[in-house]
Amino acid sequence: MNIDILIIGQGICGTMLGWYLEKTGLSFLVIDESKPFTASKSAAGIINPVTGRRIVKTWMIDELMPFALHAYQTIQQEFNAQFISQKTIIDFFPSAQMRQAFLTRYESDQQYLRMADDEKKWYGYFNYELGWGEIDPVYLVDVQNLILAYRKKISDRQLLIEEHFSIDQLVLSENKIRYRDIVADKIIFCDGIETAQNSFFKALPFAPNKGEALIIESENIPAPNIFKKALNIVPWKDNLFWVGSSYEWEFQDDRPTEIFRKKTEALLQHWLKSPFKIIDHFASVRPATLERRPFIGFHPQYPPVGIMNGMGTKGCSLAPYFAAQFSRHIVSGAALTGEADIHRFAKVLARANSTPGN
Ligand SMILES: Cc1cc2nc3c(=O)[nH]c(=O)nc-3n(C[C@H](O)[C@H](O)[C@H](O)COP(=O)(O)OP(=O)(O)OC[C@H]3O[C@@H](n4cnc5c(N)ncnc54)[C@H](O)[C@@H]3O)c2cc1C
């Protein structure tokens, strides 16, 4: 079988890349093994325009957020489903310093921040002492249902092979790749944290980061908002809420831990005024990078081999923008954003002299 592009992995990256490649008219196939707890399947789906202890705007957010909104709205129209909704984060200040940081940022930049209109507004639902502010607008992407809907679409059209991809069966020539009976011009790895072990790209500065989350049931959390106080409480479905997450740079494995469950349960008992029930608990590893920028582009030494990865904590806002940009790059050679283009690591990749099996 001859195709233009072979995509490995159908998380949010593989999904968005397939979506945009199709618009260019290129033919593609996706190989994805259905793992239950991938980063995309574990994600809350939040697109938050501000970050960190100083509440600064996240990288490129003024471009990324409207782009992502338009992309998800277009996709949901095609599927006649809802995959994105607008929310507000109610940010309960966890310390006097964080309250001050919010106030300071608000005084200099009010684009995404608002002060509380009524400090006592949430007293019926939450325990809090230091007040709250609002982050707005924020978007919530239903990543699980989006990738499920797209999976069905490509499966129905026989563009999906549901199995494990084995790199040792990949054969490269100068401008083609062969994988079993598939011959393609390019192969693009969108396989999340797996790429950090991949012989072509393992020299890239990945910084895997484990995250855990709970699903809780509660009758008394005002649903349209996201509530934040060290943890996020995010509307999931009906009376269910996603609660998380942890950010672990050092971890033994990708399984849920008793420590997270107990700590989160204790925090919720202190924070929520009503009872709740834990329904589920999962964990996954984010494909994060040392310098917190994505990895996009083709290998400087192996031009048929590409990567779309390194989305870290921000797959929902980064994936649509960089999938569209990468598709334009493939079709017409349009430039990639320098900070995301893997050519910034050309020397590292050359030194590693990566070949399959190394
Ligand atoms: C707990 C948690 C909460 C998060 N919350 C948010 C959030 O609110 N907002 C946000 O923007 N981001 C969030 N993230 C980050 C986000 O999930 C990631 O940035 C994003 O999902 C990465 O997507 P990906 O497609 O690169 O990788 P993945 O989602 O890991 O997808 C990779 C795919 O490749 C497949 N695969 C891997 N190896 C192979 C192989 N050898 N053969 C075949 N298939 C293979 C896997 O099965 C999977 O389907 C969160 C992450 C975690 C862990």
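Order of listing sets the numbers, starting from 1, for every ligand and every atom in it.
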Check your understanding: In this structure, which one of W271, F93, Y123, F227 forms a ring-ring contact (aromatic ring centres under 6.0 Å, His included) with Y128?
Key -> Y123

Between the protein and ligand 1, which nitrogen or oxygen pairs come in under 3.5 Å, and how far apart is each?
unit_1	atom_1	unit_2	atom_2	d
ligand 1	5 (N)	A44	N	3.3
ligand 1	8 (O)	G45	N	3.0
ligand 1	8 (O)	I46	N	2.8
ligand 1	9 (N)	I46	N	3.4
ligand 1	9 (N)	I46	O	2.9
ligand 1	11 (O)	T313	O	3.4
ligand 1	11 (O)	G315	N	3.2
ligand 1	11 (O)	C316	N	2.9
ligand 1	12 (N)	T313	O	3.0
ligand 1	17 (O)	A39	O	3.0
ligand 1	19 (O)	G312	O	2.7
ligand 1	19 (O)	G315	N	3.2
ligand 1	21 (O)	S40	N	3.1
ligand 1	21 (O)	S40	OG	2.8
ligand 1	23 (O)	S40	OG	3.3
ligand 1	25 (O)	I12	N	3.2
ligand 1	25 (O)	C13	N	3.0
ligand 1	29 (O)	S40	N	2.9
ligand 1	29 (O)	S40	OG	2.5
ligand 1	41 (N)	F165	O	3.2
ligand 1	42 (N)	F165	N	2.8
ligand 1	44 (N)	E33	N	3.1
ligand 1	47 (O)	E33	O	2.8
ligand 1	49 (O)	D32	OD2	2.6

Exercise for review: Would you kindly check if the NZ (Lys) or CZ (Arg) of K120 is within the cone defined by 45 degrees around the ring axis of W122 and under 6.0 Å from the six-membered ring centre?
Suggested key: no

Review point. Does Q82 reach the main-chain N or O of I84 with its side chain, forming a donor-acceptor pair under 3.5 Å?
Key: yes

Exercise for review: With K186 as the cation and F298 as the aromatic partner, state whether NZ or CZ is under 6.0 Å from the six-membered ring centre and within 45° of the axis.
Suggested key: yes

Review point. W59 ring centre to R293 NZ or CZ under 6.0 Å, with the angle to the axis within 45°?
Key: yes

Point to revise | Qualifying residue, where the test is side-chain contact (heavy atoms from CB on, under 4.5 Å) with I233 and the options are I90, L272, N225, I226 | key: L272

